[in-house]
Peer 1: 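Shown below is the structure under consideration.
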Protein chains: 2
Amino acid sequence: MANIQEIADYTGFSKSTVSRVLNQKNYVAPRTRDLIEAAIVKLDYVPNAMAQGLSMGQMHNIGVVLPHNEHPYYTQLINGIMAAAFAANYRIMLLPSNYEAKVELAYLQQLRRKVFDSMIFTSHEISRQTLMTYQKYGPIVVCQDPGCLPIAAAYTARVPSYVAAFEWIKAQGYQHISLLATRASNVSATSKTTFQAYEQVFHQAPEPTLIRTGIRKQQDGYAAAAYFVTQKRPLDFIFANADDVAAGARQYYLEHDLPVPAMMGQENQLSSQLLNMATIDHHLYEVGENAAKLAISGAVRQFRVESEFIVR
Amino acid sequence: MANIQEIADYTGFSKSTVSRVLNQKNYVAPRTRDLIEAAIVKLDYVPNAMAQGLSMGQMHNIGVVLPHNEHPYYTQLINGIMAAAFAANYRIMLLPSNYEAKVELAYLQQLRRKVFDSMIFTSHEISRQTLMTYQKYGPIVVCQDPGCLPIAAAYTARVPSYVAAFEWIKAQGYQHISLLATRASNVSATSKTTFQAYEQVFHQAPEPTLIRTGIRKQQDGYAAAAYFVTQKRPLDFIFANADDVAAGARQYYLEHDLPVPAMMGQENQLSSQLLNMATIDHHLYEVGENAAKLAISGAVRQFRVESEFIVR
DNA sequence: GCTTGACCTAAAACCCGTTTCAGAATTTAT
DNA sequence: ATAAATTCTGAAACGGGTTTTAGGTCAAGC
């Protein structure tokens, strides 16, 4: 528990000189440096991060807001964020929001309090306007298209690949398309985008009876298929929000000796590769990496990746 | 960016009185309190967490070391940790270790530096002896059985349910049992435990050709099944390290119109419920919650849950 | 009327670093 | 030889809180 003062006292130099040795800056006589370094080793001194943080005004922490962590979207995003943050010697704090605006606001207060230097919203309930008012307290990065607003963002441009996918589905002659989504389109930008692309291609809204929300994992896909079958909702194509979800649906049909409808997934997970299934790769790991870089640099820039429709 | 001094100046009281109002302790005249609270609202003041941390010696952060985050083991554990931490107003920092002792040591240094107050090792490469030498810098909780060592731990007692499961498998008459594991038994306590339980029941070591390691997700189970089939390794039971993994293996057999071997999974995920498959519930969410509670309280206690063999 | 205790507040010390400023000792340039 | 620039170091200020100490006011108890 030695502190910098003890090192100073022990060596006979001052705190400032010890600090200079620690930070390798300004002039320090080689002999002085050696003596102080020896003392640091001898007394097993490590600087106190809180004191450094207070003094320098930053803690090298990034707060990452995420609603839950059971969707591959978040898993891949987090992995990308972690990789980039780790590489830059930043740490990430996991901030569960459960899609609640009130909780998100509490986290923004923590940004003000300097609990972390910057934030990444993998998803946000709060309006972008509100987010902007907090930018003065630290970099805020969102993972959705912020439109023309001056907000740092790393996100995937989903529309082109969604349209391409629906064009392809239409060309194949499918007519009753089921949409599996994480959340309803009135609360989720992603779902909204999906639905809009659907309308753009098919010139009509998706069939409400073929929409299922609350879908995150393989098991949810399985349950959705079970629902369609038991409720007798005929369909010929399943557009899933993740490959694992599609795989789960497929599993249901196989297990019940039913004909498996055509389907596609998203995220280009291993399951779609194994099943030789069409998918959309949103390059989320890369999005995560760039979100972290923006959070660290503080640049109010937009990093946009084109998602990729993969036919197999 | 108002600080406590500004509130003091604005109201004419001293820093200490403002601090007392903030922390609701000691005597403060009602009128004084009102005035100061009004000033806090007016100047939109929030205390600086780094200054508070430095002054009080803790940041209310818990560092959570995890090798990767793609296995349900970690997902459930993290969810439990997050829930308990969040409830107690603690935050968690995700510390990826990739099973590297050197990285873990770096994190222990961060504990000394007060980057976080306490640590949870969901898995650790470093010896328990080494961990113990760092206990003086803050609570350290492991998620494995620490034996009789005085280390705080929240973990699942796996042996009884493993033995019960193997007894059951044996009673059913299965003889060629495949074991799917996250890591090899010489580096993983969990795998070692599994193998030992196997030997205890079958009086012989598991068949090396039926062991697959590096298995984490559904897709890995699928790949393992593909391996057994293409390499012509006959087996009649698959003991998987997770339900999703078993589900993946099952999927492979179904897709290739092969007879599906008997199998069981672990973690009691939805997939095993849907497939009506035997499993072992390690109650990881609960383990995570208790790990967080130990990390927060600093009690050097052991929280042990019995895992539960579920026949379906 | 005096002591005692409760109530209220401020000054100062403390937590532990970084950074600025200023001065002293050397070197280099002229 | 002297002025100027460089190298080295320490004192002090600063970041922004909490806590201790101590002193003052006031009412209750004897």
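As the structure is a prediction and not an experimental result, all values here were calculated from the model. To find a chain, count down the sequence lines: A is the first, B the second, and so on, and within it residues start at 1.
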Peer 1: B/A8 and B/S14: which non-hydrogen atoms are nearest, and at how many Å?
Peer 2: CB-C, 3.7 Å

Peer 1: Can you name the nearest heavy-atom pair linking B/S97 to B/P67, along with the distance?
Peer 2: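 Distance-wise, the nearest heavy atoms are OG-CA, 3.3 Å.
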
Peer 1: Looking at DNA chain C, which of residues 49-56 of chain A put a heavy atom within less than 4.0 Å of it?
Peer 2: A/A51, A/Q52, A/S55, A/M56

Peer 1: Quick one: A/N48 CG to D/dG17 C1', roughly how many Å, whole number?
Peer 2: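 Atom CG in A/N48 sits about 14 Å away from atom C1' in D/dG17.
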
Peer 1: Indicate the atoms forming the closest heavy-atom contact of A/I126 with A/H124, along with that distance.
Peer 2: O-ND1, 2.9 Å

Peer 1: According to salt bridge (Lys or Arg N to Asp or Glu O under 4.0 Å), does anything in residues 93-105 of chain B pair up with another residue at least two apart or in another chain? List the pairs.
Peer 2: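 Matches after skipping sequence neighbours: none remain.
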
Peer 1: Ignoring hydrogens and angles, answer whether the base of D/dG16 and the side-chain atoms of A/R113 contain a donor-acceptor pair closer than 3.5 Å.
Peer 2: no

Peer 1: Tell me which residues in residues 3-17 of chain A put a heavy atom below 4.0 Å from DNA chain C, sorted by number, or none.
Peer 2: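 Nucleic-acid contacts, sorted: A/N3, A/I4, A/K15, A/S16.
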
Peer 1: Would you mind building the protein contact string for nucleotides 24-29 of chain D? One character per nucleotide, 5' to 3', B for base within reach (heavy atoms under 4.0 Å), S for sugar-phosphate only, - for untouched.
Peer 2: ------

Peer 1: How long is the line joining CZ of A/R20 and P of D/dA12, in whole Å?
Peer 2: 15 Å

Peer 1: So which pairs with a foot in residues 56-68 of chain A pass side chain to side chain donor-acceptor pair (under 3.5 Å), sequence neighbours left out?
Peer 2: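 Applying side chain to side chain donor-acceptor pair (under 3.5 Å) to every pair that reaches into residues 56-68 of chain A, excluding sequence neighbours, yields A/Q58-A/Y90, A/N61-A/R91, A/H68-A/R216.
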
Peer 1: Looking at B/Q135 and B/A152, what are the two nearest heavy atoms and their distance?
Peer 2: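 The answer is NE2-N, 4.3 Å.
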
Peer 1: Quick test of your reading: applying salt bridge (Lys or Arg N to Asp or Glu O under 4.0 Å), list the pairs with at least one residue in residues 124-133 of chain B, sequence neighbours left out, ordered by first then second residue.
Peer 2: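 Sorted result for residues 124-133 of chain B: B/E125-B/R183.
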
Peer 1: Could you tell me whether a side-chain N or O of A/Y107 sits under 3.5 Å from a main-chain N or O of A/P96, the two making a donor and an acceptor?
Peer 2: yes

Peer 1: If a pair satisfies side chain to side chain donor-acceptor pair (under 3.5 Å) and one of its residues is in residues 21-37 of chain A, list it, with sequence neighbours excluded.
Peer 2: A/S19-A/N23

Peer 1: I need the residues from residues 34-41 of chain B with at least one non-hydrogen atom less than 4.0 Å from DNA chain D; give them sorted by number, or say none.
Peer 2: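 Per residue number, the list is empty: none.
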
Peer 1: Any chance the side chains of B/E286 and B/N290 put a donor and an acceptor closer than 3.5 Å?
Peer 2: no

Peer 1: Taking any heavy-atom pair under 4.0 Å as a contact, classify A/N26: base, sugar-phosphate, or nothing.
Peer 2: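 Touches nothing.
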
Peer 1: Please report, to 0.1 Å, the donor-acceptor pairs under 3.5 Å made by any side chain of residues 48-55 of chain B, with sequence neighbours excluded.
Peer 2:
from	atom 1	to	atom 2	distance (Å)
B/N48	OD1	B/M50	N	2.7
B/N48	OD1	B/A51	N	3.0
B/Q52	OE1	A/R113	NH2	2.5

Peer 1: Counting any heavy atom closer than 4.0 Å, what does B/K25 reach on the DNA or RNA strands: base, sugar-phosphate only, or nothing?
Peer 2: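 Contact class for B/K25: sugar-phosphate only.
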
Peer 1: Based on the rotation axes of five pairs at each end, what angle does the helix from C/dG1-D/dC30 to C/dT30-D/dA1 bend through, to 10°?
Peer 2: 40°

Peer 1: Has the side chain of A/T156 got a donor or acceptor atom that lies under 3.5 Å from a matching backbone atom of A/R158?
Peer 2: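 Not confirmed, A/T156 side chain does not pair with A/R158 backbone.
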
Peer 1: Within less than 4.0 Å of OP1 or OP2 of D/dT7, is there a side-chain N or O belonging to A/Y27?
Peer 2: yes

Peer 1: Nucleotide range of DNA chain C contacted by chain A, 5' to 3', under 4.0 Å to a heavy atom?
Peer 2: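 With heavy atoms of chain A under 4.0 Å away, the range is C/dC16 to C/dT19.
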
Peer 1: Could you tell me whether the side chain of B/H282 and the main chain of B/L284 form a donor-acceptor pair under 3.5 Å?
Peer 2: no

Peer 1: Please list all pairs passing the ring pair (Phe, Tyr, Trp, His ring centres under 6.0 Å) test where one or both residues lie in residues 32-51 of chain B, with sequence neighbours left out.
Peer 2: none

Peer 1: Closest nucleotide of DNA chain C for B/P30 versus for A/N23: which of these residues is on the 5' side?
Peer 2: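 The answer here is B/P30.
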
Peer 1: Below 30° counts as parallel, above 60° as perpendicular, anything between as tilted: where do the rings of B/H71 and B/Y74 land?
Peer 2: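 Geometry flag for B/Y74 against B/H71: perpendicular rings.
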
Peer 1: Backbone N or O of B/P139 within a donor-acceptor pair of the B/S118 side chain at under 3.5 Å?
Peer 2: no

Peer 1: Ignoring hydrogens, what is the shortest heavy-atom contact between B/E289 and B/A84? Give both atom names and the distance.
Peer 2: O-CB, 3.5 Å

Peer 1: Within the supplied structure, the quantity of interest is the number of heavy atoms (other residues, nucleotides, ligands) at a distance under 6.0 Å from A/Y10 OH; does it exceed 12?
Peer 2: no

